[in-house]
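Data first, discussion second: the structure below is written as structure tokens.
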Amino acid sequence: MQLTDNITTIKGIGEKTAASFARLGIHTVNDLIHTYPRNYLTYGEPIDIRDAAQGERCAVCAIISSYVDVRQVRSLKLTTMTVKDSTGSLKLTWFNSPFLKNVFHKGETYVFVGTVKIKNNMRVMEMPEYYKPGVYESMRQEMQPVYPLTKGLSNKTFQKAIMSTRQAIYKIDDYIPEDVLRENELMEISEAYENIHFPMNEGVLRNAIKRLAFDEFYKFLYDMNVLKKENIKQENVHKVVQGKAVADFVDELPYKLTKGQAEAIEDILADMGSDNVMNRLIQGDVGSGKTIVAATALYACVKEGFQGVLMVPTEVLAKQHFDELSQLFKKFGIKVANLVGSLSLKEKRKVYEDVKNGEVDILIGTHAVIEEKVEFRDLGLVVTDEQHRFGVNQRKKLANKGTFPHVLLMSATPIPRTLAIIMYADLDISVISELPKGRKPIKNCVVGTNYRNTAYNFIAREVSEGNQVYVICPMVDESDTLDVTNVTEYTDTLRAALPLGIRVEMLHGQMSPTDKNSIMEEFLLGNIHVLVSTTVIEVGINNPNATVMMVENAERFGLAQLHQLRGRVGRGSKQSYCIFINGKESKESTERLQVLENSNDGFFIAGEDLKLRGPGDFFGIRQSGDVIFNLADIYNHADMLKLAQDIMKKYGEKLSPSDANLMQLGYIL
Ligand code: ADP
Ligand code: MG
């Protein structure tokens with residue numbers, strides 16, 4: 001078996017299963033190996049029923065004390081029975097599993113594993129797993145990997161498939177020499193792949209994660225190195241000297257620039273007027289006003305007679321930037337065009353043509369702008385917004401358009417400066433550290449689920465005052481099918497809970513770009529009052545009329561990510577509110593979320609989160625919400641990032657990760 005083989009070469013995977021895998025982006029053996037579990041189930045020692053706490057997953061060893069009852073309840077077949085141990089009793093229910101009537105018999109003992117709820121003063125477990133006590137005892141030694149799933153794909157199938165790739169895993173050669181591994185206490189690479197899928201214990205798992213995080217960083221830095229070599233001191237063939245024009249442009253803005261914005265613009269002008277090409281990253285917290293900085297740079301460039309391009313990660317954001325900048329540039333006679341994947345072929349052709357002959361000054365779009373067909377007359381500046389959403393190679397492809405254009409990147413990821421210097425070794429960095437004046441600080445509250453109705457009333461009141469609301473709906477699971485049902489169901493619940501006349505709509509990852517666009521457009525127009533979505537909530541969206549952000553299951557997010565979500569409100573002059581619903585209400589999660597109540601500083605928040613997180617999180621909680629890495633996190637694995645940099649420095653390009661069949665690592669290429 002080769003890493004490049006299609007997964008259908010694996011025994012037991014036919015066309016149908018392969019199609020399900022394909023939906024998760026898994027086509028080859030290599031893809032499969034690189035799809036890591038998102039969780040591991042461990043089977044703890046059974047506890048007394050009396051001690052089974054609400055909301056906790058646990059195991060109990062109990063005797064079946066009733067007959068098995070199967071009943072039709074609306075469209076469901078409901079199977080129930082009661083079990084007991086010496087400390088109490090527990091009701092068990094299953095949906096659509098009537099065959100269980102033949103499995104269980106009164107008086108038999110089983111171990112039941114599930115999450116306990118209290119209903120009508122009774123302890124209830126829904127859909128528990130069940131095992132004969134002997135079988136359970138042997139399982140207690142293992143950690144069971146839980147994979148991301150989709151329709152037609154069970155965790156068992158996934159586990160089996162991975163198991164069959166073991167031969168291929170053993171054959172992966174390590175590109176890091178043995179002595180370097182030993183010196184730095186790094187696990188061997190094939191061992192790491194084996195253990196991320198089938199860890200013997202937590203300690204080994206932790207080391208496997210560390211090693212794979214190292215590889216993601218190493219490959220990233222390796223690619224960056226190549227990029228840096230290509231960029232180094234490229235001669236500036238697009239000299240932009242427009243200080244006076246820019247000053248006039250800035251004077252006409254309806255607001256005064258913040259100090260950080262003004263300095264960033266100064267840096268940019270200095271770069272673009274110098275002898276070398278600009279390569280600059282603008283880092284600024286959400287809402288710090290990065291768009292106008294980019295717009296000013298584009299303005300200067302067009303004034304000088306060159307074209308500019310702005311690449312953003314989503315169509316929705318492209319449309320928003322397009323509307324905003326067209327408006328801004330109208331009176332200067334600057335022509336702006338929008339290029340996104342969902343345009344018709346005819347519309348696209350027209351854009352290509354206008355860009356090529358210079359009819360268009362500024363092109364705004366998704367990665368559609370890096371397609372080969374897009375040719376510029378004379379491209380002077382490329383800007384990438386939300387740059388962390390793009391891979392190194394996508395950025396490179398954009399920078400390779402035209403002849404050595406200036407490069408400007410914008411990011412809201414709160415990376416401490418020391419890490420940013422490693423991550424973005426090829427870039428100069430400007431930081432916008434303050435928010436525009438006149439913003440009212442967002443009022444935050446962290447509350448339990450029992451506060452939901454109060455929150456709904458509050459939302460209704462805000463809407464009646466002409467404001468708009470974002471709701472991030474609860475997560476049951478991260479698999480794609482469930483996600484959709486989730487948002488749909490939650491939207492229905494919300495519609496029923498809110499007064500008639502309040503328009504509630506949803507947004508999720510499975511919708512077509514066209515549908516997403518029209519929902520977002522109506523939300524921006526104020527026709528939709530409440531927008532329910534998963535975390536795919538479009539990055540960078542700017543709707544100053546939105547004043548409430550409510551996040552369900554806030555405890556499941558990294559604080560830095562919650563901070564980004566919070567950045568969707570408080571963008572205008574109105575008082576805004578953030579309601580974090582804490583679904584777990586443990587002491588730890590409450591303490592963690594309270595960091596958000598007390599601070600609005602993205603850097604500080606991410607740092608605190610790291611300190612507060614317990615050793616129980618194998619993967620940690622994703623901090624940045626970005627997609628550069630599959631499993632590595634610059635906060636959780638800061639030590640591996642540093643190590644990767646050290647090894648890279650010492651060995652240069654001698655240790656090439658591509659030699660090790662690592663065709664695909666986490667970040668997008
Ligand atoms: P981000 O940095 O998150 O991309 P945006 O560029 O979208 O932020 O700006 C957020 C909002 O702040 C926009 O409505 C913008 O018009 C406004 N804004 C930007 N700069 C200033 C400023 N100096 N004073 C007042 N409002 C500003
Ligand atoms: Mg932005």
Side-chain angles (χ1 to χ4, degrees), residues 246-247 249-266 268 280-299 310-329 364-366 383-390 408-415 429-442 467-468 470 520 523-526 537-547 549 560-576 578 600-603 605 624-626:
V246 164
F249 175 75
V250 165
D251 273 346
E252 286 208 25
L253 292 175
Y255 44 75
K256 200 173 165 309
L257 291 182
T258 63
K259 189 162 158 279
Q261 285 174 317
E263 282 170 2
I265 291 173
E266 250 170 57
I268 291 168
R280 185 168 290 278
L281 172 73
I282 308 288
Q283 258 198 318
D285 215 340
V286 276
S288 61
K290 293 181 291 296
T291 313
I292 194 63
V293 173
T296 310
L298 288 164
Y299 174 77
L310 170 60
M311 178 165 77
V312 301
T314 66
E315 290 209 3
V316 168
L317 193 54
K319 179 74 174 47
Q320 182 186 292
H321 278 344
F322 170 71
D323 290 344
E324 227 174 284
L325 298 199
S326 313
Q327 187 62 30
L328 183 67
F329 290 139
I364 299 176
T366 53
V383 185
T384 310
D385 193 11
E386 307 289 343
Q387 70 80 30
H388 54 281
R389 293 292 217 95
F390 294 99
L408 185 64
L409 305 166
M410 300 193 289
S411 169
T413 310
I415 307 175
I429 302 175
S430 304
V431 179
I432 305 179
S433 50
E434 75 272 65
L435 295 183
K437 288 212 178 63
R439 298 263 175 88
K440 295 198 179 77
I442 297 167
N467 302 325
Q468 289 167 278
Y470 294 99
M520 257 345 276
F523 184 62
L524 292 174
L525 285 171
I537 179 102
E538 305 295 331
V539 282
I541 285 302
N542 185 34
N543 181 357
N545 195 47
T547 58
M549 164 66 73
Q561 203 185 349
L562 290 173
H563 177 63
Q564 298 269 331
L565 287 173
R566 168 163 74 182
R568 296 300 120 227
V569 297
R571 296 170 83 85
S573 52
K574 290 183 194 174
Q575 178 62 57
S576 290
C578 217
N600 267 315
D601 177 345
F603 288 176
I605 289 168
S624 30
D626 61 32

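Numbering of ligands and ligand atoms starts at 1, following listing order. Both backbone and side-chain heavy atoms feed into the values below; hydrogens, waters and symmetry mates do not. Numbers here simply count residues along the sequence, with the first being 1.
Between Glu263 and Lys259, at least one side-chain N (NZ, or NE/NH1/NH2) sits under 4.0 Å from a carboxylate O, which counts as a salt bridge.
Interface atoms of ligand 1 facing Thr291, defined by a heavy-atom separation under 4.0 Å, are 4 (O), 5 (P), 6 (O), 7 (O).
Each of Val293, Ile282, Leu408, Leu281 was checked for a side-chain contact (heavy atoms from CB on, under 4.5 Å) with Ser430, and the lone residue meeting it is Ile282.
In this structure, Arg439 counts as a contact residue of ligand 1, since one of its heavy atoms falls inside 4.0 Å of the ligand. Residue contact annotation: Gly284 has no non-hydrogen atom under 4.0 Å from ligand 1. At least one heavy atom of Lys256 sits closer than 4.0 Å to an atom of ligand 1.
Taking Phe523 as the reference, Tyr470 meet the ring-ring contact (aromatic ring centres under 6.0 Å, His included) condition, with sequence neighbours excluded.
Residues Leu328 and Leu253 have side chains in contact (heavy-atom distance under 4.5 Å, counting atoms from C-beta outward). Using a 4.5 Å heavy-atom threshold, the side chains of Thr296 and Ile268 count as separate.
Among Glu324, Arg571, Lys290, the residue whose heavy atom lies nearest to atom 2 (O) of ligand 1 is Lys290.
Glu434 places no side-chain N or O within donor-acceptor distance of the main-chain N or O of Thr258, the cut-off being under 3.5 Å.
Polar contact check, Pro544 against ligand 1: no nitrogen or oxygen pair lies under 3.5 Å apart. Considering backbone and side-chain atoms together, Gly287 places an N or O closer than 3.5 Å to an N or O of ligand 1.
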